[in-house]
Amino acid sequence: MQLPQDFIDKYSDLLGPEAQAFFESFDEPAISGFRTNPLKEHQVTFDQPIPDMPWSYYGKVSGKSPEHVTGLVYSQEPAAQVVGQVASPEKGMKVLDLAAAPGGKSTHLLSYLDNTGLLVSNEISSKRAKILAENIERFGARNVVVTNESADRLAKVFPAYFDMIVLDAPCSGEGMFRKDPAAIQYWSKDYPAQCASLQREILGSALDMLAPGGKLIYSTCTWSPEENEEIAAWLLENYELELIDIPKINGMAEGIGYPQTARMYPHHFAGEGQFVAKFRYRGEAKQKKMKPGKSNLNREQQALWKEFEQKHLAVQLSGLLQVFGDNLYLLPDGLPDLSKVKIARNGLHLGTFKKKRFEPSFALGLALHSSEVKHRVDIILDDFPAYVSGQTVAVSKDLPNGWYQVAVQGNGLGFAKIVSGILKNAFPKGLRF
């Protein structure tokens, strides 16, 4: 790989005797990985687990496999997986993933939260926010809202609110050179310093949203000290923060001058480039009283949802019910009023109100386990290609007509209607292949 001369000079000075091995690693293949989803009912064990990293494996998974389509697996290279593991939020926490697309870190955080607490998963780019929302939906979590905002606008809605904030900051992307050589074209000697300026701006707004005692996880996919340790130094100098030590596993290196932080170099760690720092906020509360969100269902909508819930669900879902247009969503408890926030996915999409009836959503069928529904139909693997391409599937004629959760290999794949022994296709047209 042809690296910029300024990059070579910089890291020759920084790494000294290790520089040659570092540069040679760029000619090696990029390392792929994926995680399994503990929220899914039916689990699968794969080959090549990554040591000391739960749910993590080396290798690739097909985007057309049942495991991927049902959200059981999520592709994410090993170094990027370290960020979620360093965060390891406790159940019940209120968590913000501030620059979340395409969703690797958010889905990892949701694995730890286990459908408790709250995750606000934010992405400032509207195009990338849509991709993020799709990946969150496939994961099947119920306690997440996807927003499409700048950090400063979010700070006005969530003052001193979150127990944990994760910022995988926009950066110079040096750690992605091997995975995405096109990233080299954007790099210049001055680019890391430009990125550092933006990182400080975002962090200022982020810290306005961190509750006393809360934790900040800051990461980049670059090795540049300007964007890593110098940002850590700036945070420690200007805010009431303390560093929390990150255990070094699988070849992770200590940060430069800050041994509590972690660096991932590809000649030591089997993955791409990453830097991670973990802080605890020791400041006092600045929290303001927030206006809570309210349900806005009319009587007819309440009755239609209650009828569906009683007939088809074996559990009562907890949270705040809200309608947007004709679509019904379940929002996590404890949220402030989000009326002034741009939303990409407003909680769990339960379904759509049609004339005198309610139709369940694909997302609801992905999120529920078999014990949580009263009517379920499992399609065999031989019928999976037909179903995801939009075709109907023959099932037992003994099954009564009506709505069923569809499942493959034990995990939900949406809802669909059975009519006279035929499973009508309800797999979303935009996802068919």
Side-chain angles (χ1 to χ4, degrees), residues 69 130 133-134 136-138 140-142 144-146 148 293-333 335 337-339 341-370 372-379 386-407 412-432:
V69 175
K130 291 178 182 178
E134 289 175 3
I136 293 287
E137 178 175 274
R138 188 184 309 110
R142 310 173 196 181
V144 55
V145 172
V146 180
N148 173 212
K294 295 181 180 179
S295 179
N296 62 349
L297 277 70
N298 62 36
R299 287 186 179 181
E300 182 184 2
Q301 291 167 337
Q302 288 175 343
L304 288 172
W305 164 248
K306 188 60 66 176
E307 179 186 7
F308 177 86
E309 186 179 43
Q310 291 175 349
K311 186 176 180 180
H312 295 283
L313 303 187
V315 293
Q316 187 170 0
L317 299 175
S318 62
L320 176 67
L321 293 171
Q322 284 193 346
V323 174
F324 294 85
D326 294 323
N327 291 292
L328 178 63
Y329 290 85
L330 182 73
L331 280 74
D333 287 319
L335 276 168
D337 178 17
L338 300 180
S339 60
V341 176
K342 286 188 286 185
I343 303 290
R345 183 182 187 269
N346 208 11
L348 176 61
H349 184 209
L350 298 178
T352 307
F353 291 108
K354 301 290 181 73
K355 190 175 181 179
K356 302 295 182 183
R357 69 184 192 277
F358 175 82
E359 294 189 356
S361 71
F362 177 65
L364 180 61
L366 285 170
L368 294 172
H369 289 187
S370 60
E372 297 173 316
V373 295
K374 294 180 180 178
H375 310 288
R376 177 177 169 111
V377 59
D378 286 79
I379 59 174
Y387 191 76
V388 295
S389 67
Q391 300 177 44
T392 58
V393 173
V395 295
S396 170
K397 292 187 177 180
D398 294 332
L399 292 172
N401 293 347
W403 287 106
Y404 288 75
Q405 184 195 34
V406 182
L413 191 61
F415 272 93
K417 263 189 173 179
I418 289 179
V419 179
S420 301
I422 298 296
L423 180 67
K424 300 294 184 178
N425 198 288
F427 194 70
K429 291 182 179 179
L431 300 179
R432 293 175 184 176

Q. Where do His349 and Ala363 come nearest, in terms of heavy atoms and distance?
A. O-CB, 3.7 Å
Q: Classify the side-chain pair Asn327/Thr352 by whether it contains a donor and acceptor separated by less than 3.5 Å.
A: yes
**Q.** Gap between atom OG of Ser361 and atom CG of Leu328 - 0.5 Å precision
**A.** 9.0 Å
Q.
Using the side chain to side chain contact (heavy atoms under 4.5 Å, CB included) criterion, which residues pair with Asn346? Sequence neighbours excluded.
A. Val145, Gln322, Phe324, Tyr329, Leu331, Leu338, Ile343
Q | side chain to side chain donor-acceptor pair (under 3.5 Å) against Lys306, all qualifying residues, sequence neighbours excluded | A | Glu309
(Q) Would you compute the distance between atom NZ of Lys311 and atom CH2 of Trp403 and round it to the nearest 0.5 angstrom? (A) 11.5 Å
**Q.** Those residues that, when tested against Glu359, pass side chain to side chain donor-acceptor pair (under 3.5 Å) (two or more places apart)
**A.** Lys354, Arg357
Q. Looking at residues at least two apart in the chain, or sitting in another chain, which of them share a side chain to side chain donor-acceptor pair (under 3.5 Å) with Glu307?
A. none
(Q) Evaluate Leu368 against Leu313 for side-chain contact (heavy atoms from CB on, under 4.5 Å), listing each step before the verdict. (A) CA-CA 9 Å; Leu368 294 172; Leu313 303 187; 3.7 Å; yes
Q) If only atom types and distance count, is the side chain of Asn296 paired as donor or acceptor with the main-chain N or O of Val323 below 3.5 Å? A) yes
**Q.** Arg142 side chain vs Ala367 backbone, donor-acceptor pair below 3.5 Å
**A.** yes
Q) What closest approach, in Å, do Pro360 and Phe308 show between heavy atoms, and which atom pair accounts for it? A) CB-CZ, 3.5 Å
Q. Do you know the tightest heavy-atom contact between Val419 and Asn401?
A. CA-OD1, 3.4 Å
**Q.** Set of ring pair (Phe, Tyr, Trp, His ring centres under 6.0 Å) partners for Tyr387, sequence neighbours left out
**A.** none
(Q) In the structure I gave you, are the side-chain heavy atoms of Leu348 and Val144 within less than 4.5 Å of one another anywhere? (A) no
Q. Mind checking what makes side chain to side chain donor-acceptor pair (under 3.5 Å) contact with Asp337, not counting sequence neighbours?
A. Ser339
(Q) Let me confirm one number: the NE2-CZ distance from His369 to Arg376, rounded to the nearest 0.5 Å. (A) 9.0 Å
Q | Closest non-hydrogen atom pair between Arg138 and Leu366, with its separation | A | CA-CD1, 3.8 Å
**Q.** Check: Leu321 main-chain N/O paired with Ser295 side-chain donor or acceptor under 3.5 Å
**A.** yes
**Q.** For the student: nearest non-hydrogen atoms of Ser389 and Gln391, plus distance
**A.** OG-NE2, 3.2 Å
Q) Quick one: does Gln405's side chain have a donor or acceptor within less than 3.5 Å of a partner on Phe415's backbone? A) no
Q. If you measure from OG on Ser396 to CD1 on Ile418, what distance do you get to the nearest 0.5 Å?
A. 8.5 Å
Q. Nearest heavy-atom pair of Thr392 and Lys424: which atoms, and what distance?
A. CG2-CA, 4.3 Å
